[in-house]
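Beneath this line is the structure, given in structure tokens, with notes to follow.
Bear in mind that the values here come from a model prediction, so they are computed numbers and not experimental data.
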Amino acid sequence: MNTDENSFKLIVLSEAGQELILNEDPKKLLDNVFNRLSSHLDLDVYFNYIFDEETQRLHLMNYHGISLQEYLPIEWLGLDEAVCGEAATRRSRIIVEDVQSSSDPRVVFIKSFGLKSYVSHPLISYGKFVGTLSFGSRKRRSFSHLELDIMQTICSQVSIVLDRILLISALKRKNRELAQKNKELKHSEKQLAAIFSVIPSPVLVVSLEAQQIIECNDALLSMLDISREELLGQYWPERHKADSLLKPILDASMQALHKSNIEVSFPNASGQPKICLCHAVSLDINQTPGMLAVFSDLTEHKEYEKEMVRLDQLHLIGEMAAGIGHEVRNPLTTVRGFLQLMSKTEAGKQRYLEVMIEELDRANSIISEFLGLAKNQRIDMKYDVLNALIEKILPLIQADAMVSGKTVTTELGPIPPMLMDERLIRQLILNMVRNGLEAMPPEGHLIIRTYMEEDGIILSIEDNGKGIPSDQIEHIWKPFYTTKESGSGLGLAVCFNVADKHGAKIDVVTGPAGTTFSVKFKRLPA
């Protein structure tokens with residue numbers, strides 16, 4: 001190659017090489033390179049096919065010198081089609097001269113474009129096949145060795161630059177796809193988190209590998225009565241106190257993994273007893289073993305069961321009371337009357353007769369309480385002020401207290417009138433006060449309070465006795481259950497029945513310092 005040829009080659013390559021540095025868009029880059037080459041080599045067209053790995057075909061991505069209608073039939077080529085396909089298959093340059101006089105089937109579409117000479121180069125970047133870049137001329141039947149050498153050099157440089165651009169473009173596309181998927185994933189996570197949060201059943205998620213609680217929903221926090229910060233991040237109870245709040249539910253969850261539903265009882269953070277049914281399943285958490293535990297809170301259901309048993313007992317006693325109560329009182333009244341007559345005439349036996357009368361009076365008192373449980377007992381509901389009733393019977397209560405050296409005081413707050421049966425409420429107050437007085441030692445002090453709480457009227461009777469033992473608290477409302485030698489076991493059962501007929505609820509708080517019975521009446525519009 002002489003000096004002029006070298007100079008020419010350097011000029012062409014220098015001009016074209018600048019375009020390889022300045023442009024990042026494949027179409028713009030190839031168009032500019034083609035314009036530089038065509039000004040020196042009389043080129044009319046170029047075709048840039050990119051190899052599509054998914055279809056194993058060539059896709060015409062960039063071109064110049066043909067119309068859109070001419071582009072469509074050659075948009076896709078197989079590796080065994082046309083000159084470009086052969087260059088791709090062989091991974092070597094294919095040169096076609098005097099195209100119009102050629103009978104080679106590979107040049108059919110080249111002829112249709114009016115080309116006279118054509119050359120197709122495989123684009124290979126560091127051993128990787130990228131595609132093909134072909135040039136054609138409608139003016140010349142062939143290219144010189146210098147021109148072919150220039151095009152070969154340009155194609156070698158284009159291979160590397162184009163591969164880099166396509167790789168960057170593919171990475172950007174992947175990044176966009178990943179960003180979109182991340183956006184969709186975050187949206188899905190938010191939706192799942194929202195669903196997880198509002199599930200009515202308490203749910204707990206635990207990492208078995210890290211032995212750590214990693215997620216829970218609001219229902220669980222509400223059941224345990226603790227905050228999310230107090231629960232999340234806590235480790236297995238063995239690492240903490242043996243009486244940890246979490247120990248019962250975690251133990252039940254681990255058992256439920258290997259068995260069917262497990263029933264578990266535990267106090268929550270406020271000390272309220274809870275009874276739950278636990279179901280647990282294994283879970284894959286970031287490719288590590290985990291567990292999802294779902295709890296069904298049976299506390300209210302169990303309470304309802306107890307209430308139903310108690311109500312059934314009360315109804316049964318009520319039916320019995322209605323049937324036999326009045327029949328028994330009539331003969332008792334008759335016997336008492338004759339005993340009183342005999343006590344006036346039988347002077348020597350008067351002490352025995354008085355004992356018999358006292359026992360008849362006691363039996364009559366028990367029947368009166370028994371009749372208080374009658375299901376069909378007549379109720380006379382009227383609007384009245386609870387404070388006025390308490391003040392009316394207070395002298396009687398204080399007199400009973402003074403006999404045993406005890407005191408009774410009242411703290412009556414402002415309360416509105418309420419719908420009540422005065423006779424039944426009077427019986428309820430007397431029964432509760434009597435129980436409180438009997439539970440207190442000499443010099444004990446009992447307080448009767450009334451006050452408003454939210455939408456209810458509260459009647460509270462507080463004693464300073466020794467409290468009710470925990471093993472007896474569940475049974476105090478049962479008819480005939482008593483710890484007193486002379487008790488009937490009907491006093492609190494009657495109170496429960498009276499409260500039930502007034503739509504009220506009785507709560508008990510007891511301890512070594514005493515017991516408080518609180519009756520909450522619903523406030524109804526006058």
Side-chain angles (χ1 to χ4, degrees), residues 178-306 453-456 470 505 507 509 511 518 520:
L178 287 173
Q180 179 62 27
K181 289 186 180 296
N182 284 336
K183 184 178 179 181
E184 293 173 358
L185 184 60
K186 287 181 179 179
H187 179 67
S188 298
E189 288 177 349
K190 287 182 179 179
Q191 287 184 318
L192 287 174
I195 294 171
F196 184 80
S197 176
V198 300
I199 291 175
S201 297
V203 180
L204 182 70
V205 181
V206 175
S207 170
L208 297 178
E209 184 176 84
Q211 293 191 341
Q212 190 174 11
I213 295 169
I214 59 176
E215 190 54 84
C216 65
N217 66 348
D218 293 343
L220 183 79
L221 298 175
S222 177
M223 180 181 74
L224 298 177
D225 195 25
I226 60 177
S227 68
R228 183 174 297 272
E229 291 72 21
E230 291 175 290
L231 183 67
L232 294 184
Q234 290 199 40
Y235 289 84
W236 244 234
E238 292 91 88
R239 302 184 184 180
H240 296 280
K241 298 178 181 178
D243 59 349
S244 168
L245 168 67
L246 303 176
K247 184 173 176 56
I249 62 175
L250 288 174
D251 287 348
S253 300
M254 294 299 295
Q255 293 177 35
L257 271 179
H258 310 289
K259 299 180 181 180
S260 56
N261 293 339
I262 299 294
E263 187 172 304
V264 55
S265 301
F266 59 92
N268 67 8
S270 300
Q272 297 174 332
K274 292 290 181 181
I275 304 172
C276 294
L277 198 64
C278 175
H279 177 72
V281 294
S282 298
L283 197 65
D284 183 17
I285 303 173
N286 296 328
Q287 299 181 345
T288 62
M291 171 181 66
L292 183 143
V294 181
F295 298 87
S296 299
D297 192 344
L298 304 179
T299 308
E300 289 189 7
H301 177 72
K302 294 290 185 180
E303 290 296 326
Y304 288 147
E305 285 184 348
K306 291 180 182 178
E453 185 180 271
E454 296 178 354
D455 60 342
S470 57
K505 180 181 178 182
D507 290 325
V509 178
S518 299
K520 183 175 182 179

Partner residues of Glu453 under the side chain to side chain donor-acceptor pair (under 3.5 Å) criterion, sequence neighbours left out =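 Glu453 satisfies side chain to side chain donor-acceptor pair (under 3.5 Å) with no other residue.
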Go through the structure and list residues passing side chain to side chain donor-acceptor pair (under 3.5 Å) with Gln287, not counting sequence neighbours.
-> none
Would you please name every residue forming a side-chain contact (heavy atoms from CB on, under 4.5 Å) with Ala219, sequence neighbours left out?
->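 Partners of Ala219 by the side-chain contact (heavy atoms from CB on, under 4.5 Å) criterion, ordered by chain and then number, come out as Pro202, Asn217.
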To check you understand the geometry: which heavy-atom pair defines the closest contact between [X] and [Y], and what is its length?
X      : Y      : result
Ser265 : Pro248 : O-CB, 4.4 Å
Ala269 : Ile226 : CB-CG2, 3.4 Å
Cys276 : Met223 : SG-SD, 3.2 Å
Leu220 : Val203 : CD2-O, 3.8 Å
Gly456 : Lys520 : CA-CE, 4.1 Å
Arg228 : Cys216 : NH1-O, 3.1 Å

Could you tell me if the side chain of [Y] sits less than 4.5 Å from the side chain of [X], heavy atoms only?
X      : Y      : result
Ile213 : Val205 : no
Leu292 : Leu204 : no
Gln272 : Phe266 : no
Pro273 : Pro267 : no
Ser253 : Met291 : yes
Lys505 : Asp507 : yes

Would you please name every residue forming a salt bridge (Lys or Arg N to Asp or Glu O under 4.0 Å) with Glu209, sequence neighbours left out?
-> none
Salt bridge (Lys or Arg N to Asp or Glu O under 4.0 Å) partners of residues 280-291, not counting sequence neighbours, each pair once | none
How would you list all residue pairs meeting salt bridge (Lys or Arg N to Asp or Glu O under 4.0 Å) that involve residues 269-283, not counting sequence neighbours?
->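 Counting only pairs at least two positions apart or across chains, the salt bridge (Lys or Arg N to Asp or Glu O under 4.0 Å) contacts touching residues 269-283 are Lys274-Asp297.
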Can you check whether Ile275's main-chain N or O pairs, donor with acceptor, with Thr299's side chain at less than 3.5 Å?
->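 Pair found, side chain donor or acceptor close to backbone of Ile275.
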Can you establish whether the number of heavy atoms outside Gln180 located under 6.0 Å from its atom CD is more than 12?
-> yes
